[in-house]
Amino acid sequence: MAPAGRIDPITASHVVAVPYPGRGHVNPMMNLCKLLTNSQPHLLITFVVTEEWFGFIGSEEKPPSIRFATIPNVLPSELARAADMVSFVGATQTEMGEPFERLLDRLDAPVNFIIADTFLNWAVEVGNRRNIPVASLWPMPASVFSVFYHFDLLVRNGHHPFELYERGDERVDYIPGIASIRLADIPTIAHMKDQRLLQLACRIFPNVSKAQCLLFTSIFELEPHVIKALKQEFSFPIYTFGPAIPYFNLKQSISFSTNQNNHHYFDWLNSQPPSSVLYISLGSFLSVSNAQMDEIADGLRDSGVRFLWVARGEATRLQEKCGDVGRVVSWCEQLKVLCHPSVGGFWTHCGWNSTMEGIFAGVPIIAFPIMMDQATIRKHIVEDWKIGWDAKRDVRSGELLRSRQIAEIVKKFMDLESVERIEIARRAKELQEVTRRAISDGGSSKVNLSSFLSDISSVI
Ligand SMILES: O=c1ccn([C@@H]2O[C@H](COP(=O)(O)OP(=O)(O)O[C@H]3O[C@H](CO)[C@@H](O)[C@H](O)[C@H]3O)[C@@H](O)[C@H]2O)c(=O)[nH]1
């Protein structure tokens with residue numbers, strides 16, 4: 001176990017945090033832990049990951065009051081996660097609980113509190129068995145929680161199972177807190193032919209009510225109706241404290257100089273005109289086909305628009321294909337990039353963390369969902385919040401978005417003078433304000449985080 005610095009484990013209040021092993025889950029859990037230790041210096045947090053994940057994050061910056069502990073690699077490798085989601089998700093439910101419990105026995109200090117990703121349904125049982133209260137952390141929008149939590153309503157109303165192609169436009173109006181949603185906008189695992197992922201996802205929800213409270217990475221003002229509806233339904237507290245993104249790091253240094261960051265793309269961004277660059281990222285592990293990546297490369301090149309594209313393993317090949325109007329990188333400091341004054345648009349796969357980062361940065365969005373909750377988040381971005389446009393493709397037919405369409409939408413989207421663009425940029429700034437207010441003194445997220453800490457103060 002890595003040393004915890006100055007905090008004495010014997011006298012500290014000891015919280016164990018266990019994220020689901022995926023970048024979109026590890027990041028918000030770590031950001032929550034940083035927020036908690038920032039405001040409660042006496043907390044000691046043990047952050048539990050697999051050995052493989054420790055290899056990915058062990059060198060990242062964190063305060064000394066957060067230390068890592070590992071369980072063995074009991075899961076299929078992260079590198080193969082996207083290729084076989086069923087095996088991976090299944091193993092997170094069946095294989096992690098036991099080594100986690102063995103780890104609790106080995107820790108040098110008694111555990112006062114557990115914060116566990118909602119997807120790790122066994123954590124609540126471990127906590128209850130050992131008399132340790134558990135907070136369940138939901139890392140997606142509250143709307144997606146409500147859809148899954150009330151999935152039996154879809155079944156009872158004859159809306160599940162359904163054929164996306166035939167019934168995708170049918171609307172559902174009985175999910176608590178959601179006025180109306182198309183079947184096509186509910187998480188995609190609901191209409192996949194193979195139902196095993198759906199079954200695995202639905203299996204986590206019966207345990208939620210056995211936790212002591214629920215933490216949402218959303219912001220109350222973004223989803224007020226659904227959050228109110230869920231608060232009425234649960235007998236325990238629900239705290240929305242989002243965005244669970246590293247905005248607190250930005251406050252310390254928003255410098256974009258290469259010397260400090262050692263990242264060449266900041267040099268390039270520094271030399272571009274304000275709001276002229278489209279940032280493109282499809283998240284941390286999902287991929288689209290090579291053919292789709294090629295279409296994106298051709299479309300970007302033909303558009304003439306400046307861009308910074310995170311293409312992970314494909315970066316070198318695609319940089320050659322795209323020419324030099326933009327930069328293709330394998331990874332970047334995403335939130336800092338989004339906040340750079342040269343960035344004026346974000347093409348995203350609509351992962352929840354990326355979406356919250358885009359909103360925080362006040363950048364209009366091109367929505368390109370790939371799977372899962374991204375379909376629902378697309379609806380929020382385009383229809384509810386009106387801060388983005390669809391990348392016009394028919395996800396139902398599985399057809400590629402062609403380079404010609406890409407060039408067209410990207411050019412139009414990045415035309416800073418166009419009326420539609422001005423309107424979408426205005427909305428993005430409005431939502432940015434909502435987000436900034438939520439995390440300021442007296443704002444909903446800041447107040448909720450204090451309430452959470454004060455409500456659990458008897459045990460920590
Ligand atoms: O170059 C990059 C690219 C990404 N990121 C970070 O990686 C995270 C990506 O998270 P997210 O946008 O949520 O996407 P996924 O990794 O795809 O997340 C998974 O988990 C999310 C939370 O549960 C879900 O909303 C998504 O659908 C699911 O795919 C974010 O914090 C990004 O800032 C970087 O730091 N640098």
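Numbers for residues simply follow the sequence, beginning at 1. When a ligand or atom number is given, it counts from 1 through the structure's own listing order.
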* Asked: Any Lys/Arg nitrogen of Glu221 or Arg437 sitting under 4.0 Å from an Asp/Glu carboxylate oxygen of the other?
  -> no
* Asked: So, Arg167 and Glu170, do they make that salt bridge, N to O below 4.0 Å?
  -> yes
* Asked: Does Asp324 come within less than 4.0 Å of Arg306, counting only side-chain N to carboxylate O?
  -> no
* **Full working for side chain to side chain contact (heavy atoms under 4.5 Å, CB included) between Leu200 and Gln93** => CA-CA 8 Å; Leu200 287 168; Gln93 295 187 358; 3.5 Å; yes
* Can Glu314 and Lys321 be counted as an ion pair, charged N to O under 4.0 angstrom? -> no
* To do: Indicate yes or no for a side-chain donor-acceptor contact from Glu52 to the backbone of Glu78 under 3.5 Å, with no hydrogens or angles considered.
  => yes
* First-shell residues of ligand 1 [heavy atom, distance under 4.0 Å] -> Arg23, Gly24, His25, Asn27, Pro139, Met140, Tyr279, Ser281, Ser284, Phe285, Leu286, Val310, Trp331, Cys332, Gln334, His349, Gly351, Trp352, Asn353, Ser354, Glu357, Met372, Asp373, Gln374
